[in-house]
Amino acid sequence: MTDSKYFTTTKKGEIFELKAELNSDKKEKKKEAVKKVIASMTVGKDVSALFPDVVNCMQTDNLELKKLVYLYLMNYAKSQPDMAIMAVNTFVKDCEDPNPLIRALAVRTMGCIRVDKITEYLCEPLRKCLKDEDPYVRKTAAVCVAKLHDINAQLVEDQGFLDTLKDLISDSNPMSINKLLTALNECTEWGQIFILDCLANYTPKDDREAQSICERVTPRLSHANSAVVLSAVKVLMKFMEMLSKDLDYYGTLLKKLAPPLVTLLSAEPELQYVALRNINLIVQKRPEILKHEMKVFFVKYNDPIYVKLEKLDIMIRLASQANIAQVLAELKEYATEVDVDFVRKAVRAIGRCAIKVEQSAERCVSTLLDLIQTKVNYVVQEAIVVIKDIFRKYPNKYESVIATLCENLDSLDEPEARAAMIWIVGEYAERIDNADELLESFLEGFHDESTQVQLQLLTAIVKLFLKKPTETQELVQQVLSLATQDSDNPDLRDRGYIYWRLLSTDPVAAKEVVLAEKPLISEETDLIEPTLLDELICYIGTLASVYHKPPSAFVEGGRGVVHKSLPPRTASSESTESPETAPAGVPSSEQPDVIPAQGDLLGDLLNLDLGPPVSGPPLASSSVQMGAVDLLGGGLDSLMGDEPEGIGGPNFVTPPAAAVPANLGAPMGSGLSDLFDLTSGVGTLSGSYVAPKAIWLPAMKAKGLEISGTFTRQVGSISMDLQLTNKALQVMTDFAIQFNRNSFGLAPAAPLQVHAPLSPNQTVEISLPLNTVGSVMKMEPLNNLQVAVKNNIDVFYFSTLYPLHILFVEDGKMDRQMFLATWKDIPNENEAQFQIRDCPLNAEAVSSRLQSSNIFTVAKRNVEGQDMLYQSLKLTNGIWVLAELRIQPGNPSFTLSLKCRAPEVSQHVYQAYETILKN
């Protein structure tokens with residue numbers, strides 16, 4: 001009869017019967033009972049109550065029974081750590097058993113029991129097994145070290161296991177870590193994957209050894225299992241770094257790498273996608289491998305969309321003068337498909353081809369114009385976006401198509417397409433007779449437009465004014481008024497004030513700034529940064545190569561993740577065919593310039609001069625060059641009130657008060673230096689706010705132990721200030737504390753020190769130092785902390801909310817330019833606005849009080865009588881939070897706008913602001 005009989009029982013009271021059978025004197029009955037326990041465990045029944053009885057069965061010579069008990073132990077050790085310690089003695093005994101199979105079984109099970117309490121007891125038996133006479137035991141022990149490293153990396157280093165592993169590399173037996181290459185031919189496909197991954201972590205001594213390894217790994221490229229193939233590719237890609245390009249073998253290796261990669265694309269779609277994501281990395285590193293294989297990346301009609309999009313991306317990376325004709329023919333075909341996402345990507349790809357292969361630009365533009373003539377709305381919009389990029393790459397070459405673009409103005413409804421068209425009209429306003437009418441048509445619904453379009457429209461109209469000042473004065477006044485007076489968006493408002501100030505004070509400077517020559521864009525702005533690419537090459541065949549992110553970016557906590565990199569290149573192995581992969585720090589005229597994309601929220605602001613304010617009015621010659629226009633005349637009276645006459649001469653009107661900080665004697669300035677004035681308002685450091693102690697654990701819930709506490713931060717150190725009171729009738733000793741995983745990794749930096757027994761009715765104050773290197777897990781709410789406190793009576797649990805300002809670090813003051821760039825870079829949907837009420841402080845007091853809790857004022861200015869504080873803070877985990885605080889003198893309510901890449905933090909930062917300002 002088979003073992004299936006163990007799964008058919010439905011008896012009640014079974015646990016009691018099993019308990020009796022497990023304690024039977026008869027070996028066969030014991031074995032039968034353990035099998036029933038394992039069967040119950042397999043189908044999901046809870047048999048943890050039998051833990052001590054099953055563990056007692058370990059004392060046996062029967063290998064089958066021992067395996068079953070070990071299986072049970074692995075499953076329940078985590079939930080019964082105290083009971084699992086009972087098994088340690090048996091492990092130690094089994095590691096010295098004369099039978100190598102039992103020794104190896106004990107070591108393997110030790111590695112699978114992921115319980116911190118037990119690991120330290122297992123170090124001695126593991127050390128013996130690493131030096132065992134039997135190679136199978138040594139191999140199993142080596143794998144166990146890897147598992148132990150995952151549980152407690154520090155312990156492995158302290159115990160010297162890494163050095164022992166290095167000694168095993170020279171082991172003469174192919175089953176151990178060395179002789180991996182010999183073992184490649186002797187093991188299963190999954191064993192080969194592990195061996196190849198180990199080889200990828202090895203750095204050869206010289207190019208000769210690297211070549212020798214490559215020669216022995218190359219046969220794996222023809223393996224049927226795609227995982228083996230990708231692991232082999234990873235080893236070869238890594239070791240090729242050490243080979244000279246002059247070697248015949250190097251060229252041979254390049255040719256051998258292409259066929260297996262092509263073969264992977266004939267698998268099912270899911271495997272194709274994984275292969276394509278890996279090929280994308282390989283092509284960026286060494287495009288010469290697949291440069292003759294363009295056709296295999298052509299899209300098939302039945303490919304899923306995710307495969308199609310990935311193939312399209314690789315096609316662009318492989319596009320060159322030699323194959324551009326067939327690529328363009330394909331792309332034009334794709335642009336007539338029915339799948340909207342795919343069509344959009346195909347149209348964008350045509351534009352990228354034009355930018356990458358200069359000789360094909362004319363043909364690409366012609367193809368795009370043909371697509372525009374189809375009048376398919378989304379095709380037209382994508383075409384306009386890419387033509388804008390072509391204009392950036394090849395100025396004064398293809399502007400003849402602008403008329404065709406303008407014909408489709410009314411059909412544009414997507415923000416990116418509208419912004420691109422507005423940029424084209426503004427940039428080439430002098431060639432478009434009715435440019436002012438076109439831009440005015442966009443201006444009618446200004447407040448309904450997206451931020452991207454509003455910013456582009458503002459810049460385009462200012463460009464138009466600088467090119468045609470006499471005809472567009474009213475239009476520029478209108479847009480500046482809309483941007484500065486009627487808009488709540490700080491990016492738009494600030495850019496409007498900058499333009500207003502520039503145009504009012506020095507039109508020549510305005511012309512130099514706004515109409516400055518733009519750098520040419522590069523074809524490969526989406527290339528992965530070289531250092532990251534090198535790291536991802538080391539992770540080919542893993543999730544990291546699919547996500548295109550290093551493991552530290554998506555493995556929870558990121559601790560214990562080793563950053564890998566390619567071996568150092570030999571002198572002659574620098575790539576001559578792919579200059580874009582030149583190492584960081586090496587200047588290359590062919591490397592692309594990274595510039596802000598069009599629609600950049602604060603690109604213009606960052607180009608302004610940040611020098612000292614110019615003293616005195618600008619030269620009168622400025623007004624002559626601009627045609628002596630009274631720019632914005634009459635549009636400012638309501639804003640300015642009474643101003644001294646004669647500032648700037650008859651042809652200049654002072655910008656609105658918002659653009660002129662109160663501390664300036666004259667309104668004229670150069671750039672942002674006077675907008676960001678910090679001469680007053682920053683207080684001195686007086687220590688972070690500390691909340692009064694609150695009762696966290698009442699005595700009635702903790703058998704007489706009452707715990708009160710609060711959190712403090714002083715000079716970069718976080719502490720939990722505790723007050724322990726004994727309200728029981730017995731003495732309390734042996735105190736210990738532990739935190740559960742939490743959002744910011746808070747953990748005790750030292751044991752809980754209660755130096756004397758706590759007598760009845762006695763109270764003791766303790767300051768427990770904390771750090772932020774503990775395990776991380778997102779809590780609800782974010783600042784929730786779950787704590788366990790143990791003493792001689794029991795273990796007690798409670799949770800408390802810590803104030804977020806204890807995590808604000810001392811180096812949280814951001815540079816002004818960085819502040820602008822970061823504010824621009826964080827999406828608008830991440831901005832949150834809050835009201836702080838009943839706070840009668842002025843701006844100086846607010847700034848001083850916040851700085852004492854590590855919220856730093858980066859900039860301050862006065863806008864229409866409101867004090868605006870621009871502030872930054874940084875959390876211990878590196879998250880930056882940017883703030884704009886509006887304070888109306890005499891009004892106790894403040895408006896706080898917060899921007900952060902992790903928007904869930906904003907609510908807690910607002911609470912920190914309230915706590916600090918109101919206490």
Side-chain angles (χ1 to χ4, degrees), residues 409 412-427 429 434-505 507 510 513-514 598-605 608 629-641 653-660 675 823-824 828 831 833 861 863-866 868 884 886 895 897:
L409 207 61
L412 306 182
D413 54 17
E414 291 172 15
E416 196 177 0
R418 289 172 76 82
M421 192 66 225
I422 290 167
W423 183 86
I424 292 169
V425 174
E427 189 69 15
N434 62 336
D436 52 341
E437 291 173 19
L438 296 177
L439 292 177
E440 197 169 0
S441 67
F442 284 104
L443 203 57
E444 288 165 7
F446 185 79
H447 289 303
D448 299 327
E449 301 283 7
S450 68
T451 303
Q452 182 183 9
V453 176
Q454 288 177 333
L455 286 161
Q456 202 59 265
L457 188 54
L458 172 61
T459 303
I461 291 176
V462 171
K463 284 179 184 175
L464 175 66
F465 172 77
L466 291 167
K467 292 173 181 178
K468 302 178 179 178
T470 51
E471 303 160 33
T472 53
Q473 182 179 346
E474 195 177 319
L475 188 61
V476 79
Q477 249 186 282
Q478 191 182 348
V479 76
L480 287 174
S481 178
L482 285 169
T484 55
Q485 295 172 40
D486 303 340
S487 173
D488 291 331
N489 185 304
D491 299 323
L492 183 64
R493 210 169 51 236
D494 287 353
R495 189 183 286 197
Y497 283 133
I498 291 294
Y499 285 157
W500 202 321
R501 174 176 222 117
L502 269 171
L503 294 170
S504 304
T505 56
V513 168
V514 180
Q598 272 301 316
D600 178 13
L601 299 186
L602 286 174
D604 291 332
L605 285 180
L608 293 183
V629 179
D630 179 2
L631 175 68
L632 314 177
L636 303 167
D637 300 339
S638 58
L639 279 175
M640 290 303 297
V653 181
T654 316
V660 188
L675 272 177
W823 186 279
K824 170 264 304 187
N828 283 344
E831 185 172 353
Q833 203 166 76
R861 60 178 181 154
V863 180
E864 298 175 4
Q866 281 191 336
M868 310 283 280
E884 178 192 73
R886 295 188 211 172
T895 302
S897 298

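Everything quoted here is computed from the prediction, not taken from an experiment.
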For Glu471, salt bridge (Lys or Arg N to Asp or Glu O under 4.0 Å) partners two or more places apart: none
For Glu831, side chain to side chain donor-acceptor pair (under 3.5 Å) partners two or more places apart: none
Polar side-chain atom of Thr484 near backbone of Leu480 as donor-acceptor pair, under 3.5 Å: yes
Gln454: side chain to side chain donor-acceptor pair (under 3.5 Å) partners, not counting sequence neighbours: none
Residues in side-chain contact (heavy atoms from CB on, under 4.5 Å) contact with Asp413, at least two apart in sequence or another chain: Asn377, Gln381
Over all atoms of both residues, closest heavy-atom pair of Phe465 and Val476: CD1-CG1, 3.7 Å
Pairing residues for Glu474 by the side-chain contact (heavy atoms from CB on, under 4.5 Å) criterion, not counting sequence neighbours: none
Heavy-atom side-chain proximity of Tyr499 to Thr459 below 4.5 angstrom: yes
All side chain to side chain donor-acceptor pair (under 3.5 Å) counterparts of Ser450, not counting sequence neighbours: none
Those residues that, when tested against Ser487, pass side-chain contact (heavy atoms from CB on, under 4.5 Å) (two or more places apart): Asn489, Leu492
List the atom pairs, donor and acceptor, that lie under 3.5 Å between side-chain atoms in residues 439-449 and the rest of the protein, sequence neighbours left out.
from: Ser441; atom 1: OG; to: Leu438; atom 2: O; distance (Å): 2.4
from: Glu449; atom 1: OE1; to: Arg418; atom 2: NE; distance (Å): 3.2
from: Glu449; atom 1: OE2; to: Arg418; atom 2: NE; distance (Å): 3.4
from: Glu449; atom 1: OE2; to: Arg418; atom 2: NH2; distance (Å): 2.5

Side chain to side chain donor-acceptor pair (under 3.5 Å) against Gln478, all qualifying residues, sequence neighbours excluded: none
Whether Lys468 side chain and Ala429 backbone form a donor-acceptor pair below 3.5 Å: yes
side-chain contact (heavy atoms from CB on, under 4.5 Å) against Ala510, all qualifying residues, sequence neighbours excluded: Leu466, Leu502, Leu503
Lys467 side-chain N/O to Gly426 backbone N/O, donor-acceptor pair under 3.5 Å: yes
